[in-house]
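First the structure, in the form of structure tokens, and then the observations on it.
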Amino acid sequence: MKEERDMSEQTMRWNEVGKRMPYRLPEDFFAQNEAELMRRVEQPRGGLMRLPIWLGGAVAAAVLVGVMLWLPMRETKPMATEQLYAYNETMSNEELAGWVEFYEADLFVSYE
Amino acid sequence: MDFNALVKQYQEPLYWHIRRLVVNHEDARDILQDTLLQAWRSVASLRDERALKAWLYKIATNGCYLHLNRNRERPLSTEELSEVLLGRLESASYVDYEDGAGVKFQQALLTLSEQQRTVFTLRYYDEMSYDEIAEVVGSSAASLRVSYHQACNRIRTYLETNS
């Protein structure tokens, strides 16, 4: 009998609460939450916003590398004949003789 | 279903489910937002729209336990988790401490194991069927009935010994 009374008292305590909870909310919480969610879902994510900056940086770096490689190549164009003659004037007789000997021994150059 | 409709239909029940698991309003708010945004980004992968409700609750429940174990070297044991949650209940904002019976009942819930608490709240408050709960927690309906029965007994014992 005592056990039955205890059980019914427990049931009464449980029934007294039912589904009631002591938790409360700020006023208009769900309306504000909904507005915040709509704002966040319309905003692009941080990673995506950084993509154009990253891409722009990569393109700029590629252009810079290309310019650095192209500039030296642009400057090494063949010398004009007058410039060659002028360069020859700067060489000593020994240097010139060395070049003549070199070409005379060249198997791929024919002298008539 | 568009995002606005998804939010209108599910934000309130999801919020209360999350709140019952994490106690703090601020944490519940953050987890709720993360849940709905994550669900919206992944909704295309959901094959059956009828499973939407269980899927949302699954994301929310996992989010709660990830949050509670965040920055810890190992997951909390049942006793440790209960201690953390009971401590939160003592100091949380947006709690009506004048509702003594309500506070006592929530304290009883917070002493349950993770599985028992999740099953009990989904069954008792959200009135989900055991099959629906099985989709949320990934267990069989039969074992969930046992978990719910155990949870009820523990709550009754707690109310009796802490009256």
Side-chain angles (χ1 to χ4, degrees), chain A residues 1-70, chain B residues 2-16 18-20 22-26 28-30 32-37 39-41 89 92-109 121 124-127 152-153 155-163:
Chain A
M1 292 295 283
K2 182 179 184 303
E3 283 179 5
E4 286 175 3
R5 188 170 62 244
D6 288 343
M7 284 298 292
S8 67
E9 282 174 356
Q10 290 170 30
T11 304
M12 282 172 59
R13 272 194 290 271
W14 190 310
N15 289 341
E16 176 195 345
V17 175
K19 294 188 180 181
R20 188 178 80 244
M21 291 181 292
Y23 300 128
R24 299 295 176 261
L25 282 177
E27 203 172 320
D28 294 330
F29 165 71
F30 288 116
Q32 291 174 6
N33 188 61
E34 188 177 326
E36 173 65 15
L37 280 166
M38 295 313 295
R39 187 191 66 77
R40 286 180 68 179
V41 84
E42 286 167 9
Q43 208 173 44
R45 295 168 73 185
L48 288 175
M49 284 186 75
R50 282 196 290 272
L51 185 58
I53 298 170
W54 171 83
L55 194 59
V59 169
V63 167
L64 186 62
V65 168
V67 167
M68 287 173 66
L69 288 174
W70 173 72
Chain B
D2 64 16
F3 185 64
N4 198 24
L6 182 80
V7 171
K8 282 188 185 307
Q9 184 172 352
Y10 288 106
Q11 71 163 339
E12 201 162 333
L14 279 175
Y15 170 84
W16 288 117
I18 294 167
R19 183 79 188 267
R20 284 188 281 271
V22 300
V23 179
N24 282 351
H25 161 68
E26 292 79 11
R29 176 199 61 204
D30 293 344
L32 173 68
Q33 292 217 347
D34 290 345
T35 297
L36 289 168
L37 289 170
W40 183 243
R41 290 185 195 118
L89 184 56
S93 54
Y94 300 107
V95 177
D96 180 9
Y97 292 104
E98 291 185 10
D99 181 7
V103 171
K104 188 68 68 184
F105 195 82
Q106 293 305 311
Q107 286 174 337
L109 280 186
T121 59
Y124 187 74
Y125 290 103
D126 295 291
E127 297 180 353
C152 290
N153 284 341
I155 291 170
R156 288 195 188 94
T157 303
Y158 185 90
L159 293 176
E160 181 186 352
T161 56
N162 292 277
S163 59

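The chains referred to below are lettered A, B, ... by the order of the sequence lines, with proteins before strands, and numbering in each begins at 1.
- Within the 4.5 angstrom heavy-atom criterion, no atom of B:Leu109 approaches chain A.
- Closest of all the heavy-atom pairs between A:Arg20 and B:Ala101 is NH2-CB, 3.8 Å.
- Here the straight-line distance linking atom CD of A:Glu36 with atom CG of B:Leu36 works out to 12.0 Å at 0.5 Å rounding.
- To the nearest 0.5 Å, atom CG of residue A:Asn33 and atom CD of residue B:Glu12 are 10.5 Å apart.
- A salt bridge links B:Glu127 with A:Lys19: at least one charged nitrogen is closer than 4.0 Å to a carboxylate oxygen.
- Ring planes of B:Tyr15 and A:Phe29: tilted class, angle from 30 to 60°.
- For the atom pair B:Gln33 CD and A:Leu37 CG, the distance stands at 4.5 Å (nearest 0.5 Å).
- Within the 4.5 Å cutoff, side-chain heavy atoms of A:Tyr23 are placed close to those of B:Leu89.
- A donor-acceptor pair under 3.5 Å is formed between the side chain of B:Gln11 and the backbone N or O of A:Phe30.
- Of all non-hydrogen atoms in B:Tyr94 and A:Leu25, the two that sit nearest each other are CD2-C, 3.8 Å.
- Both the backbone and the side chain of B:Val103 come within less than 4.5 Å of a heavy atom in chain A.
- Residues A:Pro22 and B:Tyr97 form no side-chain contact, since every pair of their non-hydrogen atoms from C-beta on lies 4.5 Å or further apart.
- Ranked by non-hydrogen atom pairs under 4.5 Å with chain A, the options B:Ile155, B:Leu32, B:Leu37, B:Val7 are led by B:Leu37.
- Between B:Tyr124 and A:Gly18, the closest heavy-atom pair is OH-O, 2.8 Å.
- A:Met21 is not listed as a side-chain neighbour of B:Asp99, based on a closest heavy-atom distance of 4.5 Å or more.
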